[in-house]
Number of protein chains: 2
Amino acid sequence: MSTKQSTNQLPILQLDEKDMAILKLLQIDGKMTIRDIASKLNLSTTPVYERIKKMEQAEVIKQYAAIVDPKKINKGLTVLCYITLKEHSKKYGKKFIQEILGFTEVTECLNISGEFDFMIKVQVKDMDEYREFYVNKLGELDNLSHTQSIFVISVIKTTHQVVF
Amino acid sequence: MSTKQSTNQLPILQLDEKDMAILKLLQIDGKMTIRDIASKLNLSTTPVYERIKKMEQAEVIKQYAAIVDPKKINKGLTVLCYITLKEHSKKYGKKFIQEILGFTEVTECLNISGEFDFMIKVQVKDMDEYREFYVNKLGELDNLSHTQSIFVISVIKTTHQVVF
DNA sequence: TATTTTTTAGAACAAATGTCTGTTTTTTAT
DNA sequence: ATAAAAAACAGACATTTGTTCTAAAAAATA
């Protein structure tokens, strides 16, 4: 029998140095024009155009996005919240995940090794807003065993760049 | 006496619902055109144009970027590495930070509360590459007290969106 | 209510953009 | 060395883009 596959089945690209060079530039400036990229890499527009299209279709480039500064929109407090579940069955794990995905405060959710099952990153205005989240949203979930909140004192570095 | 201020002194914007609506759209599609945004928000191009420019200058919008899928470029292993320093003086902290910022594998570095001083997120291909990083880069720093590596089993959610 | 100030509408322009076609160069395989 | 295949070049086109201007509307102030 075949089960539903959540892993997307897209052409696996073998990227060369030119592809990587393009990605490197677009990671820093997603609005960079094909001509500018071409001239910076000593190429013509055609190969740059085709390579970008190829990487977009293969979802190497997942999206183009404006990166907003959380501090500037009153979301300057970051909290890492570690969570262990009571029930670890697949069923209960999925339920937890679905509920977590519904919380807009949660900007990241990782299933991790070690003492805890999950780490979620919570982005809020201040401690009041975090308490509100912790008590009325996270606290309402019925599968939690225990949690631990670690507060971010300062953000030294944060980037989406993975190509160098 | 005045000391060097690292905190950027930019006009603090009071954003209204229209600004937030624009940010919301640009976070999802940074290449969205001013006309498209305008029509979606039932506005003309002028206010949209001026509001975006204003938010760019105030660095509410930090940048436009292409978001690359780490898995697709052979950086599919994420490790959270927790670090405590031996010396906590300002001088030694700065040295540590400077060295960490030089490691391209580190996509995030947070100064945190609790047992450890820092959490760094390390993005690598596989365990071999992590060991290489752990031994030859992190291990070469001379101010480390102790560390703990937590491995990401699966990424449930990850986003840069902070406006909803 | 009257008046000033701020914001938006609507249209228009020049410049820049993605996209395509045919040709040339480079690479690969025989 | 030669043929075949793949990649890059160069240039051109239609469209769309950011941007600006003037007038109108809306909001804020007195």
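Just the heavy atoms: all of them, side chains too, but no hydrogens, waters or symmetry mates, feed the values below. In what follows, chains are A, B, ... by sequence order, proteins preceding strands, each numbered from 1.
- Rounding to whole angstrom units, CD of residue A:Glu50 and C1' of C:dG22 are separated by 13 Å.
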Could you pull out every donor-acceptor pair under 3.5 Å between side chains of residues 46-56 of chain B and any protein atom, sequence neighbours left out?
unit_1: B:Arg51; atom_1: NH1; unit_2: B:Asp16; atom_2: OD1; d: 2.8
unit_1: B:Arg51; atom_1: NH1; unit_2: B:Asp16; atom_2: OD2; d: 3.1
unit_1: B:Arg51; atom_1: NH1; unit_2: B:Asp19; atom_2: OD1; d: 3.0
unit_1: B:Arg51; atom_1: NH1; unit_2: B:Asp19; atom_2: OD2; d: 3.4
unit_1: B:Arg51; atom_1: NH2; unit_2: B:Asp16; atom_2: OD2; d: 3.3
unit_1: B:Lys53; atom_1: NZ; unit_2: B:Glu56; atom_2: OE1; d: 3.2
unit_1: B:Glu56; atom_1: OE2; unit_2: B:Tyr64; atom_2: OH; d: 2.6

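- Applying the side-chain hydrogen bond (donor to acceptor under 3.5 Å, both in side chains) test to A:His146 and every residue at least two apart in sequence or in another chain returns nothing.
- To the nearest angstrom, P of C:dT6 lies 14 Å from CZ of B:Arg51.
- Through chains of ILVMFWY side-chain contacts below 4.5 Å, B:Ile67 is grouped with A:Ile67.
- Scanning DNA chain D 5' to 3' for nucleotides with an atom closer than 4.0 angstrom to a non-hydrogen atom of chain B gives a first and last hit of D:dT17 to D:dC21.
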Solution key, residues 93-101 of chain B side-chain donor-acceptor pairs under 3.5 Å, sequence neighbours excluded:
unit_1: B:Lys95; atom_1: NZ; unit_2: B:Asp142; atom_2: OD1; d: 3.4
unit_1: B:Lys95; atom_1: NZ; unit_2: B:Asp142; atom_2: OD2; d: 3.4

Side-chain donor-acceptor distances from residues 151-164 of chain A under 3.5 Å, at least two apart:
unit_1: A:Lys157; atom_1: NZ; unit_2: B:Val106; atom_2: O; d: 2.9
unit_1: A:Thr159; atom_1: OG1; unit_2: A:Gln161; atom_2: N; d: 2.9
unit_1: A:His160; atom_1: NE2; unit_2: A:Gln27; atom_2: O; d: 3.1

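- Residue A:Tyr49 places at least one side-chain N or O closer than 4.0 Å to OP1 or OP2 of C:dT19.
- Separation of atoms CD1 (B:Ile150) and OG1 (B:Thr78) is listed at 13.5 Å; rounding is to 0.5 Å.
- Residue pairs meeting the side-chain hydrogen bond (donor to acceptor under 3.5 Å, both in side chains) criterion with at least one member in residues 35-44 of chain B: none, sequence neighbours excluded.
- The salt bridge (charged side-chain N to carboxylate O under 4.0 Å, His left out) pairs that include a residue from residues 102-114 of chain B are A:Lys121-B:Glu108, B:Glu105-B:Lys137, B:Glu108-B:Lys121, where partners are two or more places apart or lie in different chains.
- A rotation axis mapping the C1' atoms of four pairs onto the next four is fitted at both ends of the helix from C:dT1-D:dA30 to C:dT30-D:dA1 over five pairs, and the angle between these axes is 50° to 10 degrees.
- The side-chain hydrogen bond (donor to acceptor under 3.5 Å, both in side chains) test applied to B:Thr45 returns no partner, not counting sequence neighbours.
- The stretch residues 27-45 of chain A comes close to DNA chain D through A:Arg35, A:Asn42, A:Leu43, A:Ser44, A:Thr45, each having a heavy atom under 4.0 Å from the strand.
- A:Thr147 is linked by a side-chain hydrogen bond (donor to acceptor under 3.5 Å, both in side chains) to A:Tyr134, counting only residues two or more places apart in sequence or in another chain.
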